[in-house]
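Order of the sequence lines fixes the chain letters, A, B, ..., with proteins taken first and strands second; residue numbering starts at 1 for each chain. Remember, predicted model here, so these are calculated numbers, not experimental data.
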Protein chains: 2
Amino acid sequence: MPSPDPHAMAMLVRKLESIADLSAEEREAILGLPLRTQALQAKQDIVREGDRPSQCCLILNGWACRYKLLGEGRRQILSLHIPGDVPDLQSLHLHTMDHSLGTLTKATLAFIPHDALRALTVRFPNVAAVLWRDTLIDAATFREWMTGMGRRDAYERIAHLFCELYLKQEAVGLATEHRCQIPLTQIELSDALGLTPVHFNRVLKEMREKRLIAMKAGTLAIEAWDELARACEFDPTYLHLVKRQS
Amino acid sequence: MPSPDPHAMAMLVRKLESIADLSAEEREAILGLPLRTQALQAKQDIVREGDRPSQCCLILNGWACRYKLLGEGRRQILSLHIPGDVPDLQSLHLHTMDHSLGTLTKATLAFIPHDALRALTVRFPNVAAVLWRDTLIDAATFREWMTGMGRRDAYERIAHLFCELYLKQEAVGLATEHRCQIPLTQIELSDALGLTPVHFNRVLKEMREKRLIAMKAGTLAIEAWDELARACEFDPTYLHLVKRQS
DNA sequence: CGCGCTATTGAGAGAGCTCAATGTGCGTGG
DNA sequence: CCACGCACATTGAGCTCTCTCAATAGCGCG
């Protein structure tokens, strides 16, 4: 029986308010969305390529990723998702999944029916705009990753990802002081960057030796933010985190 | 003085109807959008990274691309656009450009004020949904390109792009019989694929010698569609061309 | 206390890059 | 109508960043 869980939807409100403003009425409407929560183990699929889902998934806890599989065991991770994200929001208007979505860590999810979301967007055009904006920021991140895979070398690409993951977590209050959680294996990070784990490991070693970063037990500490950001020409514009301005 | 140009907006209607259905009323509203047309030479910027545009650009004629520039003269082309596309639709909700948009060939453009588009989306939630869907298909294409740059070799990547460009033009009536226009230089195609022109040229030669394709004077002829598609594991799902189903 | 997954390091190979030269087609001006 | 200039296409030669294969080490969990 779906019943509103104020805490669950508050995650979504917090996320949306990190990228745009909501009126009190809109906030209430979001908090009243029906949902069904579910706990998953690490490395479980949530939806698969080819599926035609009738709900979206809000991450309450843990990390997830979208990915595509190719022949010969090749995998490309397309995006990484943290609590507050709705990684398959696009399924609201693209009915067939063109990629898969799965957990990376243990995770708690809240599923929201498409019907309820569509009704919300018709009733509140501004909520539609904010959700639309969220998918557009998603696309902006794809563009940045694409640029990295096409034109940045491994060192720059890794540095860029670390800057991005820190800022995304900082934006929703999950990180401060240039330290954040990255509970992923080097294999997963390599698949996100289009590298092999072996090469990723070697470049990481180089960054450690230069004292730009430290990484242990799933925690990343960026010890020289300015230098790291300069090395990869990091420009946070594409994250569009400043409300109403970007 | 902006005055409706039925022919210009008909391009947009045709494009949108290739990805979703519109009611007669919605079609009329789109045809009535205000616009200002402009002719540009090849290789001209339309909007630049950092700009805060107040209008969107509909391509009536010619090709355009979105791109990012990095240090040392590196360029990544993010997407290629043909007549009927609105390549900067995202600027409706992302106010600062995180990339640039420019013409590749001589082109005719129609500029539509954001205000008018926003009013349209508030009045017709279904038009909002269709435009949103268009930006989501854009994002799906980014994901596919990202997958290619991360995990496909040059041969597969080129084959995949050719399949995509043919199908996109076929969908809006600009191509048939596995032949289409690709009025781009090898330099531009290389920047879209994350390759160097030299390597692109060598791989193209290989594809020609295998009689998979022929390319001359801006025209691509895919002489062995099935084999080309198989070589790159081409799956058109991500283009979401089937109305109401994908 | 050992299995299984992940991290790390070594060695050699290769896809794709850089530098460089030559060929080709077309638009412009004389 | 032809010559020149320029941008693009093509080919050669050598290099390097990243990959593959392989072995060892570390760590968490049953």
Side-chain angles (χ1 to χ4, degrees), chain A residues 41-44 63 65 70-77 103-106 148-161 182-209 213-220 231-232, chain B residues 41-44 63 65 70-77 103-106 148-161 182-209 213-220 231-232:
Chain A
Q41 290 301 306
K43 298 177 203 299
Q44 303 296 302
W63 285 48
C65 73
L70 301 178
E72 289 91 51
R74 289 173 292 181
R75 175 175 68 160
Q76 178 63 47
I77 290 182
T103 59
L104 289 164
T105 67
K106 273 191 168 189
M149 305 226 258
R151 292 300 184 214
R152 280 193 251 261
D153 67 22
Y155 189 93
E156 298 171 307
R157 235 182 285 175
I158 295 172
H160 204 280
L161 181 62
I182 302 190
L184 310 188
T185 67
Q186 295 186 4
I187 296 172
E188 289 157 346
L189 288 167
S190 306
D191 278 342
L193 291 162
L195 299 170
T196 55
V198 174
H199 193 59
F200 177 87
N201 182 278
R202 282 192 238 270
V203 176
L204 197 66
K205 180 185 177 185
E206 186 187 342
M207 286 177 49
R208 255 194 316 253
E209 286 169 347
I213 57 139
M215 219 178 168
K216 53 172 196 296
T219 297
L220 169 71
C232 60
Chain B
Q41 291 302 307
K43 298 177 204 300
Q44 303 296 303
W63 285 47
C65 73
L70 301 178
E72 288 93 49
R74 289 172 292 181
R75 175 175 68 162
Q76 178 64 48
I77 290 181
T103 59
L104 290 164
T105 66
K106 271 189 169 195
M149 306 227 258
R151 293 301 183 212
R152 280 194 251 262
D153 66 23
Y155 189 93
E156 297 170 309
R157 235 181 285 175
I158 295 171
H160 204 280
L161 181 62
I182 302 189
L184 310 188
T185 66
Q186 294 187 5
I187 296 172
E188 289 157 346
L189 288 167
S190 305
D191 279 342
L193 291 162
L195 299 171
T196 55
V198 173
H199 193 59
F200 176 88
N201 182 278
R202 283 192 237 270
V203 176
L204 197 67
K205 180 184 178 186
E206 187 188 342
M207 286 177 50
R208 252 192 319 249
E209 286 169 349
I213 58 139
M215 219 178 168
K216 53 173 196 293
T219 297
L220 170 72
C232 60

(request) For the pair B/Thr103 (side chain) and B/Lys43 (backbone), establish whether a donor and an acceptor sit closer than 3.5 Å, ignoring hydrogens and angles. (result)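 Side chain of B/Thr103 to backbone of B/Lys43: a pair is present.
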(message) Please classify the nucleic acid contact of B/Val198 as base, sugar-phosphate, or nothing, using heavy-atom distances under 4.0 Å.
(response)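 If one applies the 4.0 Å heavy-atom cut-off, B/Val198 turns out to touch a base.
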[X] has an atom [atom1]; how far is it from atom [atom2] of [N], in whole Å?
{"X": "A/Met149", "N": "D/dT18", "atom1": "CE", "atom2": "P", "answer": "14 Å"}
{"X": "B/Leu104", "N": "D/dC8", "atom1": "CG", "atom2": "P", "answer": "12 Å"}
{"X": "A/Phe200", "N": "C/dT9", "atom1": "CZ", "atom2": "P", "answer": "14 Å"}
{"X": "B/Glu206", "N": "D/dA9", "atom1": "CD", "atom2": "C1'", "answer": "17 Å"}
{"X": "A/Asn201", "N": "D/dT24", "atom1": "CG", "atom2": "P", "answer": "17 Å"}

(request) State, yes or no, whether a side-chain contact exists between B/Asp191 and B/Glu188 at a heavy-atom distance under 4.5 Å. (result)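 Side-chain contact under 4.5 Å: no.
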(request) Find out whether B/Ile213 and B/Leu204 are in side-chain contact, i.e. whether some heavy atom of one side chain is under 4.5 Å from a heavy atom of the other. (result)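 Yes, at least one pair of side-chain atoms sits under 4.5 Å.
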(message) If you assign each of A/Ile187 and A/Arg151 to its closest nucleotide in DNA chain C, which residue comes earlier from the 5' end?
(response)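 Comparing both residues, the 5'-ward one is A/Ile187.
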(request) Run the salt-bridge test on A/Glu72 and B/Arg151 with the 4.0 Å N-O cut-off and return the result as yes or no. (result)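 B/Arg151 and A/Glu72: not salt-bridged.
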(request) Tell me whether the OP1 or OP2 atom of D/dC8 has a side-chain N or O from B/Lys43 closer than 4.0 Å. (result)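 Indeed, a polar side-chain atom of B/Lys43 lies that close.
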(request) Return no unless some side-chain N or O of B/Thr196 is found under 4.0 Å from OP1 or OP2 of C/dG16. (result)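 B/Thr196 to C/dG16 OP1/OP2: no side-chain N or O under 4.0 Å.
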